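Here is the structure we will look at.
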Amino acid sequence: QVQLVESGGGLVQPGGSLRLSCAASGFTLDHGAIGWFRQAPGEEREGGSCMRLSDRSTYYADSVKGRFTISRDNAKNTVYLQMNSLKPDDTAVYYCAADPFTDYIVGYYCINNAMHFWGKGTLVTVSS
């Protein structure tokens with residue numbers, strides 16, 4: 001049974017940093033894609049950061065490029081999202097999602113919200 005469990009959300013001041021973790025079970029991080037998506041109140045879900053697992057290629061939405069970094073630890077079967085220079089506009093529920101079955105170019109997954117399994121999300125609030 002595939003499970004994705006996010007952790008690490010919380011309240012942070014503008015300009016601060018936060019690292020989210022996504023513990024994956026039921027599959028290994030060696031095929032397909034995994035990513036971090038977010039949804040702010042009243043907004044559509046946005047695919048912010050994705051990684052193609054076969055070659056570690058990454059995709060970042062313009063809104064997070066240069067500030068967020070997605071990475072993985074195969075030994076722990078865990079994916080991370082390092083978020084720096086946080087802004088109030090980054091306030092959202094952050095979801096970890098994965099598709100271990102396909103192998104498209106990495107941007108496809110983020111742009112189309114094309115993931116098969118989803119976590120329950122963790123709330124990130126950026127406020128002073």
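Because the structure is a prediction, the values reported are computed rather than measured.
In this structure, F37 has its ring center closer than 6.0 angstrom to the ring center of W118.
Residues F27 and V106 do not share a hydrophobic cluster, defined by chaining ILVMFWY side chains whose heavy atoms lie under 4.5 Å apart. Both F101 and L4 sit in one connected hydrophobic cluster of ILVMFWY residues. Membership requires side-chain heavy atoms under 4.5 Å apart, directly or through other members. Residues I111 and I34 do not share a hydrophobic cluster, defined by chaining ILVMFWY side chains whose heavy atoms lie under 4.5 Å apart. The hydrophobic clustering, which links ILVMFWY residues whose side-chain heavy atoms are closer than 4.5 Å, places V12 and L81 together.
Scanning all heavy atoms of the two residues, the minimum distance from A92 to A40 falls at CB-N, 3.8 Å. Closest heavy-atom contact between S17 and Q82: CB-NE2, 3.9 Å. Counting all heavy atoms, side chain and backbone alike, S49 lies closest to Y60 at OG-CD2, 3.4 Å. Contact between G35 and I70 at its shortest, heavy atoms only, is CA-CD1, 4.0 Å. Listed here is the closest heavy atom pair of P14 and S128: CD-N, 3.7 Å.
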Next item on the list: Please lay out, stage by stage, how S127 and L11 fare under the test side-chain contact (heavy atoms from CB on, under 4.5 Å).
Entry: CA-CA 7 Å; S127 175; L11 174 65; 4.2 Å; yes
Next item on the list: Would you sort out whether K87 and D90 count as a salt bridge (charged side-chain N to carboxylate O under 4.0 Å, His left out), showing the intermediate values?
Entry: CA-CA 5 Å; K87 308 173 183 178; D90 294 318; over 6 Å; no
Next item on the list: Go through M83 and L20 one step at a time and tell me if the side-chain contact (heavy atoms from CB on, under 4.5 Å) criterion holds.
Entry: CA-CA 8 Å; M83 305 185 294; L20 305 182; 3.8 Å; yes
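Under the 4.5 Å side-chain criterion, counting only non-hydrogen atoms from C-beta, M51 is not in contact with V79. Within the 4.5 Å cutoff, no side-chain heavy atoms of Y80 are placed close to those of C22. Counting only heavy atoms from C-beta outward, the side chains of Y95 and Q39 approach each other to under 4.5 Å. Side chains of V64 and R38 form a contact here, defined as non-hydrogen atoms less than 4.5 Å apart. Counting heavy atoms from C-beta outward, R72 and R56 have side chains that approach closer than 4.5 Å.
In this structure, the side chain of Y109 engages the main chain of Y104 through a donor-acceptor pair within 3.5 Å. D103 places no side-chain N or O within donor-acceptor distance of the main-chain N or O of L53, the cut-off being under 3.5 Å. No donor-acceptor pair closer than 3.5 Å links the side chain of D99 to the backbone N or O of G32. Listed for the R67 side chain is a donor-acceptor partner under 3.5 Å among the backbone atoms of S85.
Rounded to the nearest 0.5 Å, atoms CD (E46) and SG (C110) are 8.5 Å apart. Atom OH of Y108 sits about 10.5 Å away from atom CE of M115, to the nearest 0.5 Å. Here CG of L29 is found 9.0 Å from CG of D73. Values are rounded to the nearest 0.5 Å. Note that the OG1 atom of T122 and the CG atom of L18 stand 8.0 Å from one another [nearest 0.5 Å]. The line from CG of D89 to CD of E43 is 9.0 Å long, rounded to the nearest 0.5 Å.
Ring geometry for F68 against Y94 counts as tilted: the plane angle lies between 30° and 60°, on a 0 to 90° scale.
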